[in-house]
Protein chains: 2
Amino acid sequence: MPARPAAHRPTLEAVAARAGVSRATVSRVVNGGAGVRGPLAERVRAAVDELGYIPNQAARTLVTRRNGAIAVVVAEPESRFFTDPFFAQQVRGISRELAAHDNQLVLLLTGGAADHERVGRYLTGGHVDGALIFSLHADDSLPVIARNAGVPTVIGGRPTWPDPDTRRRTLYVDCDNRGGARDAVRRLLALGRRRIAHIAGPLDQPASIDRLDGFRDVLPDIAPGLIAEGDFTPEGGARAMERLLERSPDLDGVFAASDVMASGALRVLRARGRRVPDDVAVVGFDDMVSVAEWTDPPLTTIRQDIEEMGRLMAQLLLHALEPASDPDGVPAVSSIITPTRLVVRASA
Amino acid sequence: MPARPAAHRPTLEAVAARAGVSRATVSRVVNGGAGVRGPLAERVRAAVDELGYIPNQAARTLVTRRNGAIAVVVAEPESRFFTDPFFAQQVRGISRELAAHDNQLVLLLTGGAADHERVGRYLTGGHVDGALIFSLHADDSLPVIARNAGVPTVIGGRPTWPDPDTRRRTLYVDCDNRGGARDAVRRLLALGRRRIAHIAGPLDQPASIDRLDGFRDVLPDIAPGLIAEGDFTPEGGARAMERLLERSPDLDGVFAASDVMASGALRVLRARGRRVPDDVAVVGFDDMVSVAEWTDPPLTTIRQDIEEMGRLMAQLLLHALEPASDPDGVPAVSSIITPTRLVVRASA
DNA sequence: TTGAAAGCGCTAACAC
DNA sequence: GTGTTAGCGCTTTCAA
């Protein structure tokens, strides 16, 4: 199939011969041409074109130790990755930032632990200059693998490793989940609600835990019956809402840990004849516009700028890659917590 | 941040010294250990562990001309890629097949033409052994770039290049869009429908064209008013349905070029008081289960096995990579058209 | 400004 | 079986 099989590709050597110069000169021209006289450079460029020369990246990487590619590792099953708009937004932010610095984004999906080994090999094998890892669950080994292999890494979301020293040296980007949750609950209190429930995310994820913690910050004496765990899907939100109504029929406010779960909860409230926000006020989290603006009624929620977080992750990594940054100690840059903001629509 | 900076990583040489053997022996052990005596191999393995040796892929690729990675190139904006379940299924099929052969899947997204150049560089730079390209629109240059660079490629969907010789040499996997469309229309005819309309996909995509052609195969004298172009979204399907009803209020059957568009059409039919299938029978295409089973009524549709198509694409490529296959002529393997099948539910 | 030469880390003939 | 050796294609000192 190859028009010009890789095996027959011209090398620097060939170009040099053709242009009647040394390999070094060709290399200089190919890499920008600094310090090569105009006419000579022109001759070299002509030879490059005639031969259709394309530099061999493996050879280049071998000496420069750079390959202009950054891996984005998503440790989630494809199904989740492709359904949750969260990833789409994050990837877009990353993609933009990397493209701006002429780095190629390489997406690695690792559904099960079975893939971990191969992905780990890929990362440590030097195919990429660094990695952005989404390690949403507590038990993920990939960041550790990358770390041990000396692959600069930035994590999406707060990592959960117990060792404080390890944590301090790990770069991550997260939003102020806890503070945002507090704002959500305060909004409900300000509306005069006194029986406020929480639909939490899966409690093996730091984001869920932090949002629950924020909820408790404001409502420390909450009854356990007013908290139900969901799974970040609409169905999970609906089921949690049903459980809450059963246990606490008199509730008048709900803080859901995601807009998607809130949409499921709204459906149940409507089916049960509760008016929103009159009978029950609802606040979501994320401000996933494609969801929050289209629920009935539109959702009051806590906004986090997901695309911006993606961009920041890429920025942080690119920065850490600079030779100037401390090679072995505490990184010159530090982790980032982005702010959240209450967005008032009709549901609370 | 690196625990062990890449710069200080042990090399084969170091392991050899430590184990008191030659580099060649270490290399043999690392690559499976064939032809090395047990105890010696054991000593080498110990040295590898102690030093935490990891092979340098760039060096390896430089000599083997293989890097165990296959690119999947999606020439669509992220928004489309992440929303359309089609890609998720295809990628899953590919991913499974590649993993089974220990190849890493590398996903490259190229939203706009601006990214094309970088992606092209990545492909031709020898970062991957081959590429699977989804070139849904007619004007796509990526397959040509890959081809000229000698990167073995398999296309998802029938390519549209005019030159028959080029086409013959290009591997692709597609489903029998035209035949499937014929089956859809025949189903409607068998139900006694006589005023049958078609909601087409964007007509710059081969799949849309083929489905329209199949529709016309069975209904060659169709009035232009019975054909409306959609865009593979629910909204597009809804708008097309409205146009059709306006132009041909007496229609009694609809063949939509995708389940997603059909779902939008069903919504409009319901809003206009037409009963499905009594007043208007509807057939979709894809059998996207997450859609077809949940519409009201559930959708009769033409099934294509998308995941299987992904698997076949990967298989074809891996096969073309075998040294046995003809390096420069017509490939030893050939393109594949997968069959489709009518799936009867309630809408027709 | 240009060229010669020394590797980058690895694999694969070819000897022993 | 194991070691020796010659590259893979490129960048980058160092001299000229």
Side-chain angles (χ1 to χ4, degrees), chain A residues 5-45 47-48 51-68 121 124-127 129 149-150 323, chain B residues 5-45 47-48 51-68 121 124-127 129 149-150 323:
Chain A
H8 299 175
R9 277 211 216 152
T11 67
L12 251 201
E13 185 84 55
V15 178
R18 174 99 178 193
V21 298
S22 74
R23 272 152 51 199
T25 301
V26 178
S27 175
R28 288 180 189 115
V29 172
V30 169
N31 292 293
V36 178
R37 234 188 290 269
L40 225 201
E42 217 30 77
R43 224 165 73 214
V44 172
R45 261 180 232 116
V48 165
L51 265 38
Y53 169 74
I54 297 168
N56 177 319
Q57 284 298 338
R60 197 174 252 182
T61 298
L62 186 55
V63 31
T64 60
R65 297 165 176 294
R66 269 277 194 162
N67 42 34
R121 245 183 11 239
T124 59
H127 288 284
D129 298 328
Chain B
H8 300 174
R9 277 212 216 151
T11 67
L12 252 202
E13 184 84 56
V15 178
R18 174 98 177 195
V21 299
S22 75
R23 271 154 51 201
T25 300
V26 179
S27 175
R28 288 182 189 113
V29 172
V30 169
N31 291 293
V36 178
R37 233 189 291 271
L40 225 201
E42 217 28 78
R43 225 165 73 214
V44 172
R45 262 180 231 115
V48 165
L51 264 38
Y53 168 74
I54 296 168
N56 177 319
Q57 284 297 338
R60 197 175 252 179
T61 298
L62 187 55
V63 30
T64 60
R65 298 167 174 294
R66 268 278 193 162
N67 41 33
R121 248 187 4 242
T124 58
H127 288 285
D129 298 328

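What you see is a predicted model, and the numbers here were worked out from it, not measured in a lab. Note on naming: letters A, B, ... go to the chains in the order of the sequence lines (proteins, then strands), and numbering restarts at 1 for each one.
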Asker: Report yes or no: does Asp129(A) contribute a side-chain atom to a donor-acceptor pair with the main-chain N or O of Asn67(A) at less than 3.5 Å?
Answerer: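 Judged by distance alone, yes, a pair lies under 3.5 Å.
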Asker: For the helix from dT1(C)-dA16(D) to dC16(C)-dG1(D), what angle separates the axis at the start from the axis at the finish, each from five pairs, in steps of 10°?
Answerer: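 Angle reported: 40°, given to the nearest ten degrees.
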Asker: Do you know the tightest heavy-atom contact between Arg23(A) and Leu12(A)?
Answerer: O-CD1, 3.9 Å
Asker: Rounded to the nearest angstrom, tell me the gap between atom OH in Tyr53(B) and atom P in dG9(C).
Answerer: 10 Å
Asker: Mind calculating the distance between CG (Asn67(B)) and C1' (dC8(D)) to the nearest angstrom?
Answerer: 14 Å
Asker: I'd like to know if the side chain of Thr61(A) and the backbone of Gln57(A) have a donor-acceptor N/O pair within less than 3.5 Å.
Answerer: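 Side chain of Thr61(A) to backbone of Gln57(A): a pair is present.
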Asker: Can you tell me if Ser27(A) touches the phosphate of dC10(D), counting only side-chain N or O atoms and a distance under 4.0 Å to OP1 or OP2?
Answerer: no
Asker: Can any side-chain N or O of Thr64(A) pair as donor or acceptor with the backbone N or O of Arg60(A) at less than 3.5 Å?
Answerer: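 Pair found, side chain donor or acceptor close to backbone of Arg60(A).
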Asker: Has Thr11(B) got a side-chain N or O lying under 4.0 Å from the OP1 or OP2 atom of dG9(C)?
Answerer: no
Asker: Nearest to the side chain of Arg23(A) - dT11(D), dG3(D), dC10(C)?
Answerer: dT11(D)
Asker: Return yes if some donor-acceptor pair links the side-chain N/O of Asn56(A) with the main-chain N/O of Gly126(B) below 3.5 Å, else return no.
Answerer: no
Asker: Nearest to the side chain of Thr64(A), which nucleotide is it out of dG3(D), dG9(D), dT12(D)?
Answerer: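 The closest nucleotide is dT12(D).
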Asker: Out of dG9(D), dG3(C), dT11(C), which has the shortest distance to the side chain of Val21(A)?
Answerer: dG3(C)
Asker: Does some side-chain heavy atom of Arg28(B) sit less than 4.5 Å from a side-chain heavy atom of Thr25(B)?
Answerer: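 Yes, their side chains come closer than 4.5 Å.
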Asker: Would you mind reading off the distance between Arg43(B) atom CZ and dT2(D) atom C1', rounded to a whole angstrom?
Answerer: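 Computing the Arg43(B):CZ to dT2(D):C1' distance gives 12 Å.
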Asker: Quick check on DNA chain D: between Arg37(B) and Val63(B), whose nearest nucleotide comes earlier from the 5' end?
Answerer: Arg37(B)
Asker: If you only use heavy atoms from C-beta on, which nucleotide in dC10(C), dT11(D), dG3(C) is closest to the side chain of Arg60(B)?
Answerer: dC10(C)
Asker: Looking at Arg65(B), I'd like to know whether one of its side-chain N or O atoms comes within less than 4.0 Å of OP1 or OP2 on dG9(D).
Answerer: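 Answer is yes, contact under 4.0 Å.
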Asker: Within the pair Asn31(B) and dT11(C), is there a side-chain N or O less than 4.0 Å away from OP1 or OP2?
Answerer: yes
Asker: Which of these nucleotides, dG9(D), dT2(D), dC10(C), is closest to any side-chain atom of Asn56(A)?
Answerer: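 The answer is dG9(D).
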Asker: Please tell me which of the listed nucleotides, dG3(C), dT11(C), dT4(D), lies nearest to the side chain of Ala24(B)?
Answerer: dT4(D)
Asker: Looking at dC14(D), dG3(D), dC10(D), which one has an atom nearest to any side-chain atom of Leu12(A)?
Answerer: dC10(D)
Asker: Please state how far atom CZ in Arg66(A) lies from atom C1' in dT12(D), giving the value in whole angstrom units.
Answerer: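 About 17 Å, once rounded to whole Å.
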Asker: For Leu62(B) and for Arg28(B), find the nucleotide of DNA chain C with the closest heavy atom, then tell me which residue's nucleotide is more 5'.
Answerer: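 The answer here is Leu62(B).
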Asker: Can you see if the side chain of Thr25(A) gets near the phosphate of dG3(C) - specifically, an N or O under 4.0 Å from OP1 or OP2?
Answerer: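 Thr25(A) to dG3(C) OP1/OP2: side-chain N or O found under 4.0 Å.
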Asker: So which heavy atom on Pro55(A) is nearest to which on Val30(A), and how close?
Answerer: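 Taking Pro55(A) first and Val30(A) second, the nearest heavy atoms are CG-CG1, 4.1 Å.
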Asker: Of all the heavy-atom pairs spanning Ile54(A) and Thr124(B), show the shortest one and how long it is.
Answerer: CG2-O, 3.7 Å
